[in-house]
Visitor: 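Here's a structure for you.
Keep in mind that this is a model prediction, so the values were computed, not measured. Here is how names work: the chains are called A, B, and so on, in the same order as the sequence lines, proteins then strands, and each is numbered from 1.
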Protein chains: 2
Amino acid sequence: MVNVTLADLARHLDLHVSTISRSLDPARAGRVNAATRARVLAAAAELGYTGHQIAGSLRRGRSSTVGIVVPDLSNPFVHPVIRGVVAALDRRGFMGFVAESGDDHAQLRRILEHLVSRRVDAIITSAARSGDAAMLKGVARAGTPLVLVARYLPDSGLPWVTHDDHRGGELAAEHLLDLGHVRLAQLRGPADVQTFLDRGAGFADVLQRRGLAPAAEFDSASAGTPSVEEGRRLMGRLLDRGGDRPTAVFAHNDLMAIGALEALAERGLCCPLDVSVMGYNDNTLTEHLNPPLSTVHLPTREAGRLAGEMALALIDEPGSRPSPIRLEPTLIARRSIAPPTPAGDAAASTVGRPASRRAG
Amino acid sequence: MVNVTLADLARHLDLHVSTISRSLDPARAGRVNAATRARVLAAAAELGYTGHQIAGSLRRGRSSTVGIVVPDLSNPFVHPVIRGVVAALDRRGFMGFVAESGDDHAQLRRILEHLVSRRVDAIITSAARSGDAAMLKGVARAGTPLVLVARYLPDSGLPWVTHDDHRGGELAAEHLLDLGHVRLAQLRGPADVQTFLDRGAGFADVLQRRGLAPAAEFDSASAGTPSVEEGRRLMGRLLDRGGDRPTAVFAHNDLMAIGALEALAERGLCCPLDVSVMGYNDNTLTEHLNPPLSTVHLPTREAGRLAGEMALALIDEPGSRPSPIRLEPTLIARRSIAPPTPAGDAAASTVGRPASRRAG
DNA sequence: ACACTAGTCGCAATCGATTGCCCGAGTCAA
DNA sequence: TTGACTCGGGCAATCGATTGCGACTAGTGT
């Protein structure tokens with residue numbers, strides 16, 4: 001009873017396997033007598049027939065499966081993306097399986113090879129760094145539809161669904177400038193991921209347009225990985241350099257912003273009174289922080305959904321070239337940003353320090 | 001050039017597919033002439049042969065793949081578990097694919113059916129609720145090795161790697177009692193997940209042993225899902241009930257603890273001065289909270305690794321019955337817990353409110 | 001010179017489901 | 001009555017890799 005096959009059912013019912021096969025497939029149910037089909041269904045249920053997608057996939061040449069590759073499962077921004085993809089896939093009976101690359105090229109290669117050799121019908125990934133472009137293009141050229149989500153590769157010719165991160169950077173800068181900040185810093189994400197470059201460029205563009213070129217000293221190096229730890233390290237270096245402090249920093253994602261908050265706290269500085277901190281992504285946890293993080297919201301779930309549909313379209317029409325999609329960010333103002341106060345104001349430590357509260 | 005097969009290579013090299021097959025498999029390399037093998041390898045690289053695990057799996061009856069099913073990708077406790085499993089699998093050339101059940105029975109069923117019909121060699125899941133027991137046992141009985149991780153099913157006969165959550169509950173209670181707390185409350189996780197029941201029982205046992213039966217009013221209902229939102233709701237109900245407040249609450253996981261912190265903040269109460277909060281799991285983010293959360297640490301990555309190895313053992317010896325493993329929790333004291341202070345102490349709002357700081 | 005072994009490689013069945021093609025029986029209308 | 005269809009279902013090839021068995025060659029020992 002361990003492995004029931006079509007042949008088992010055929011023997012049991014004294015029918016041919018092809019009849020069984022047709023009976024079990026709702027799309028082909030019309031080709032078989034209703035009574036016969038009922039018998040087959042009953043027997044299948046009774047004997048516990050579970051199907052055998054491996055065999056079916058081999059014959060059909062399709063697996064109704066797509067691989068979802070993310071850089072880091074712990075980074076909350078990937079969860080809505082995954083759910084969006086899965087939701088889109090579900091509607092067409094496709095299954096999505098998730099793998100984590102750890103933002104490591106070799107690991108990504110292993111995953112891709114596995115996925116391709118397992119003949120997934122498509123691959124959707126948000127783990128693309130510029131150094132991965134050739135490999136990813138190779139996968140697509142070899143016949144597995146590949147769509148980029150959240151992160152994109154500018155001139156790769158690969159289809160993508162991403163966000164307008166340049167605009168997001170602008171939103172961050174405008175918000176800070178409108179409040180009166182002039183000493184601004186950026187906590188840059190990895191330089192080999194285009195979205196981080198876009199955020200930085202958008203931010204810088206606004207400063208320049210307003211005639212406020214940021215002092216170079218306020219600009220951090222790029223993080224090796226966009227993590228809490230790196231955010232803490234970069235912010236620490238910024239703060240320990242002596243001289244004027246920035247009154248506001250734009251962290252290129254929420255994780256790095258959390259690191260920045262820690263670096264501030266470790267030095268007895270208060271956010272937002274001493275330094276305002278702007279995050280990016282609007283991770284689920286950010287509103288639960290203290291202070292709740294002002295950040296740039298991205299419709300990541302929507303991006304996932306669109307990426308899923310794009311992959312399905314690519315599966316339906318292998319040759320097609322879907323046009324890239326860029327979704328609009330919006331600014332979420334919470335409590336980690338306030339107008340600048342005179343630097344070194346000692347009274348800032350308790351006065352007006354707000355209790356944690358949910359954003360409305 | 002889209003899909004290179006063994007037959008393509010065979011034609012190209014004027015050899016038989018069987019020779020190609022043997023050349024490509026390191027384990028069978030001895031059965032073929034070294035020079036021939038070199039030619040095959042070269043040709044395979046040149047033509048871009050990627051293998052075809054679907055076909056191989058069908059013939060071999062093994063897929064070298066295991067499914068990993070988690071309840072909620074956003075719950076940080078699953079990430080170390082997944083990484084542990086993947087690490088164990090990697091060492092033996094197995095690939096792990098992740099799926100998310102959303103703690104939904106129907107969704108879990110769909111995932112399991114997919115996985116079984118896709119003939120994964122084993123399934124590892126931390127999504128087991130008591131109502132899923134029959135279904136999971138059915139999967140195992142039908143021939144797919146199934147191991148439970150983090151969550152277990154007491155009398156299911158299914159193998160598991162979990163934590164001693166009863167002991168974890170005890171640790172939490174002891175810590176609080178040692179500090180002098182007497183008005184204690186629990187924020188209970190879902191009642192159909194054994195680990196939460198264990199945490200609650202361990203906690204209650206200590207109270208009883210010390211002759212301190214908790215007033216029933218301080219005991220929350222069970223959360224529908226162990227989330228921030230539910231923690232916030234339960235804590236809110238506890239606080240709004242009037243009468244004495246508990247001086248400390250034990251949230252059955254960190255997410256609920258975060259919700260509890262919010263509920264406190266919303267009412268202008270301070271943690272830990274007004275109410276101490278104890279979490280559970282030691283999620284990565286908990287040390288970044290304000291205040292950093294005291295919690296119970298679980299070796300979740302280790303649990304994942306052991307579960308992975310257990311699954312491999314089950315694959316190697318289908319009949320075997322590995323003995324369940326229970327890992328020891330440890331207490332992590334951070335800043336969300338302090339000795340009790342006179343209730344309603346108005347001065348509590350600023351005095352001694354510590355800046356966020358990383359735990360050593 | 002003969003039997004034997006080790007080394008290489010080919011042959012063909014096999015895993016299980018899918019599907020184009022074909023056949024026999026029954027239906028209906030001219 | 002016959003020709004044209006429709007229905008229901010069987011037949012067998014097929015997807016691509018794996019593997020037990022056997023064959024052929026060259027070399028070895030006696």
Visitor: Would you kindly give the CG-to-C1' distance between L13(B) and dT8(C), to the nearest whole Å?
Guide: 15 Å

Visitor: Angle, rounded to 10°, between the helical axes spanning five pairs at each terminus of the helix from dA1(C)-dT30(D) to dA30(C)-dT1(D)?
Guide: 50°

Visitor: Where along residues 30-43 of chain B does a heavy atom fall under 4.0 Å from DNA chain C?
Guide: R31(B), V32(B), N33(B), T36(B)

Visitor: Going by salt bridge (Lys or Arg N to Asp or Glu O under 4.0 Å), name the pairs with one or both residues in residues 73-96 of chain A, residues two or more places apart or in two chains.
Guide: R83(A)-D72(B), R83(A)-E100(B), D90(A)-R110(B), R92(A)-D316(A)

Visitor: Hey, is the main chain of Q53(B) close enough, under 3.5 Å, to the side chain of S57(B) for a donor-acceptor pair?
Guide: yes

Visitor: How do R119(B) and D14(B) order along DNA chain C: which one's closest nucleotide is nearer the 5' end?
Guide: D14(B)

Visitor: Which heavy atom of A150(A) sits nearest to which heavy atom of T162(A), and what is that distance?
Guide: O-OG1, 2.7 Å

Visitor: Whole angstroms only, please: what is the CG-C1' distance between L15(A) and dC11(D)?
Guide: 14 Å

Visitor: Does the side chain of P76(A) come within less than 4.5 Å of S74(B)'s, by heavy atoms?
Guide: no

Visitor: Side-chain N or O of S21(B) less than 4.0 angstrom from OP1 or OP2 on dA17(D)?
Guide: no

Visitor: What nucleic acid atoms does I54(B) come within less than 4.0 Å of, heavy atoms only: base, sugar-phosphate, or nothing?
Guide: nothing

Visitor: Mark yes or no for whether S101(A), through its side chain, and Q107(A), through its backbone, hold a donor-acceptor pair below 3.5 Å.
Guide: no

Visitor: Using modelled atom types and a 3.5 Å cut-off, is there a donor and acceptor pairing between side-chain atoms of H79(A) and backbone atoms of L73(A)?
Guide: yes

Visitor: Given atom CZ of R62(A) and atom C1' of dT19(C), what is their separation to the nearest angstrom?
Guide: 14 Å

Visitor: What are the atom names and distances for every N/O pair under 3.5 Å that joins the protein to nucleotides 11-15 of chain C?
Guide:
| residue | atom | partner | partner atom | Å |
| --- | --- | --- | --- | --- |
| dC11(C) | N4 | S18(B) | OG | 3.3 |
| dT14(C) | O2 | R59(B) | NH1 | 3.0 |
| dC15(C) | O2 | R59(B) | N | 3.3 |

Visitor: Please check this pair: side chain of R37(B) against backbone of S23(B), looking for a donor-acceptor N/O pair closer than 3.5 Å.
Guide: yes

Visitor: What salt bridge (Lys or Arg N to Asp or Glu O under 4.0 Å) pairs are there with at least one residue in residues 112-131 of chain A, not counting sequence neighbours?
Guide: D103(A)-R129(A), R129(A)-D192(A)

Visitor: Separation of I20(A) atom CD1 from dG10(D) atom C1', in whole Å?
Guide: 12 Å

Visitor: Which side-chain N or O atoms in residues 9-17 of chain B pair as donor and acceptor under 3.5 Å with protein atoms at least two apart or in another chain?
Guide:
| residue | atom | partner | partner atom | Å |
| --- | --- | --- | --- | --- |
| R11(B) | NH1 | D8(B) | OD1 | 3.3 |
| H16(B) | ND1 | S18(B) | N | 3.1 |
| H16(B) | ND1 | S18(B) | OG | 3.0 |

Visitor: Any heavy-atom pair between the side chains of W160(A) and R326(A) that's under 4.5 Å?
Guide: yes

Visitor: Given atom CD of Q53(A) and atom C1' of dG16(C), what is their separation to the nearest angstrom?
Guide: 11 Å

Visitor: Between L9(B) (CG) and dG16(D) (C1'), how many Å, whole number?
Guide: 12 Å

Visitor: Measure across A88(A) and L312(A) and return the closest heavy-atom pair with its distance rounded to 0.1 Å.
Guide: O-CD1, 3.7 Å

Visitor: It should be established whether Y49(B) places a side-chain nitrogen or oxygen under 4.0 Å from OP1 or OP2 of nucleotide dG16(D).
Guide: no

